[in-house]
Amino acid sequence: MSITLLAIESSCDETSAAVCTDGAIRSNIIASQEVHAQYGGVVPELASRAHMQHIVPVVNKAMQEAGVSLQELDGVAFTAAPGLIGALLVGSTFAQSLALALHKPLIAVHHMQAHVLANLIPERKPSFPFLCLTVSGGHTQLVVCHSATQLEVIGETIDDAAGEAFDKSAKLLGLPYPGGPLVDRYAAEGDPLRFRFPEPQIPGLDFSFSGLKTAILYFIQNAGTANIYKETFRATEEEKVAFIRENLADICASIQHRIISILLNKLKKAVKQTGIRQVCIAGGVSANRGLRAALENTGRQQGWETFIPPFEYCTDNAGMIAITAYYKYLAGEFSPLGTVPTARAAW
Ligand code: KG4
Ligand code: ZN
């Protein structure tokens, strides 16, 4: 018997719906919310409103593209946590109403687990147990995936997430939100070794990015003229702007280079500690071309088998919710109607 599921993602600023049959994604529609760019970050109330506007057309389009009718669905899945509570409530209420109306089972999915399991969407997938570095706008985690329903966090950030490190650096450079993809674009033309930013010495498998952010702040305040660790504020506004304009590609490449080295050094440590050589990345930052290339290179050097989800399954999408829901369906992990989404959720 085949299993067809509709999945809905609404945890942050993407409204997405996907249909999958037996683990194969048949449609994955994503509506991004442009409204936040002018505010330099996601505005929760505006996100909720935009989800309400998008959810019906996005679900209709996902069903249409998959060629599936509501009656053919075997269950409805949704992101239950973590995320912006108002945003989560839109997807959750919609999914639960639909499940109730159709008398179909409901499946609540953890957004960060779904990012990891996006690696099970392509035909070439890792086998269990595998290691995953999840790098998104709100999280940076090292996860051991024992099975599709048994995931264990073995390291995480103690302050900013990797995506925040990209976005906050971009903001300091005067780039619009979200800055990660722009840093990626400028970095492609720059020299990654031109400027040296510090690598934090955090014990174990945890990460820290707040020191890097401060180093970049001082570096820009000094327009690259002084020691980047010193808070000396030598440059005028005009000097800063001119310095950034003339060196943007090299600055972006150097920042990206340091973020990637922080991530990959911890990943190497995790491989050593766990002995697991099937290595994946996931989350919005795994769309970064520098990180993708660095993972492949390191994998070749270290003898790992590496996996990266296709671009559309890296940033927030319902395809990853659908694949996670499929494995939960097989394991009989259903959720009762009335399940309440939460902004922060234990793993
Ligand atoms: O996973 P995601 O879509 O949303 C969260 O769950 O947070 O991740 C969004 C993050 C943002 O910080 C964004 O700047 C970053 O992923 N990002 C990138 C790239 N594409 C998205 N960062 C660096 N390079 C990229 N190409
Ligand atoms: Zn995400």
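Each ligand, and each atom within it, is numbered from 1 in the order the structure gives. Keep in mind that this is a model prediction, so the values were computed, not measured.
One finds the CG atom of L6 at 6.0 Å from the CE atom of M63 (value rounded to the nearest 0.5 Å). For the atom pair K61 NZ and I30 CD1, the distance stands at 11.0 Å (nearest 0.5 Å). L117 CG to K125 NZ: the interatomic distance, rounded to the nearest 0.5 Å, is 11.5 Å.
At the top of the distance list for atom 13 (C) of ligand 1, counting protein heavy atoms only, stands D167 OD1, 3.8 Å. The closest protein non-hydrogen atom to atom 15 (C) of ligand 1 is V285 CG2, 3.9 Å. Atom 26 (N) of ligand 1 has as its closest protein heavy atom D184 OD2, 2.8 Å. Of the protein's non-hydrogen atoms, the one nearest atom 24 (N) of ligand 1 is N288 ND2, 3.0 Å.
Between H115 and H111, the ring planes lie perpendicular to each other; the angle is over 60°, past the 30° to 60° tilted range.
D316 contributes OD1 as its N, O or S atom closest to the Zn ion (ligand 2). H111 contributes NE2 as its N, O or S atom closest to the Zn ion (ligand 2).
The proximity of R289 to ligand 1, defined as any non-hydrogen pair under 4.0 Å, does not occur for either the backbone or the side chain. Contacts between D316 and ligand 1 below 4.0 angstrom, taking non-hydrogen atoms only, involve backbone and side chain alike. At a heavy-atom distance under 4.0 Å, only side-chain atoms of H115, from C-beta outward, approach ligand 1.
Less than 4.0 angstrom separates some heavy atom of G163 from each of these atoms of ligand 1: 12 (O). For ligand 1 and G138, the ligand atoms under 4.0 Å from any heavy atom of the residue are 7 (O). Heavy-atom contacts of A287 reach the following atoms of ligand 1: 20 (N), 26 (N) (cutoff under 4.0 Å).
Residues L267 and T298 have side chains not in contact (no heavy-atom distance under 4.5 Å, counting atoms from C-beta outward). In this structure the side chain of V271 reaches within 4.5 angstrom of the side chain of R277, judged on heavy atoms.
Comparing heavy-atom distances from atom 21 (C) of ligand 1 across G284, S136, A118 singles out G284 as nearest. For atom 22 (N) of ligand 1, the choice among P178, G180, G137, S11 with the nearest heavy atom turns out to be G180.
Taking the six-membered ring wherever Trp is involved, the centroid distance between the rings of F130 and F128 falls below 6.0 Å.
Remark: distances from the non-hydrogen atoms of H111 to ligand 1 include one below 4.0 Å. Remark: distances from the non-hydrogen atoms of P181 to ligand 1 include one below 4.0 Å.
Between the Zn ion (ligand 2) and H115 there is an N/O/S contact shorter than 2.8 Å.
At distances below 3.5 Å, not a single donor-acceptor pair connects side-chain atoms of D167 with backbone N or O atoms of P178.
The two residues S208 and I158 make their nearest non-hydrogen contact at CB-CG1, 3.9 Å. Residues G319 and Y313 approach most closely at CA-CE2, 4.2 Å, considering heavy atoms.
The pair E45-R49 meets the salt-bridge criterion, since a charged nitrogen lies less than 4.0 angstrom from a carboxylate oxygen.
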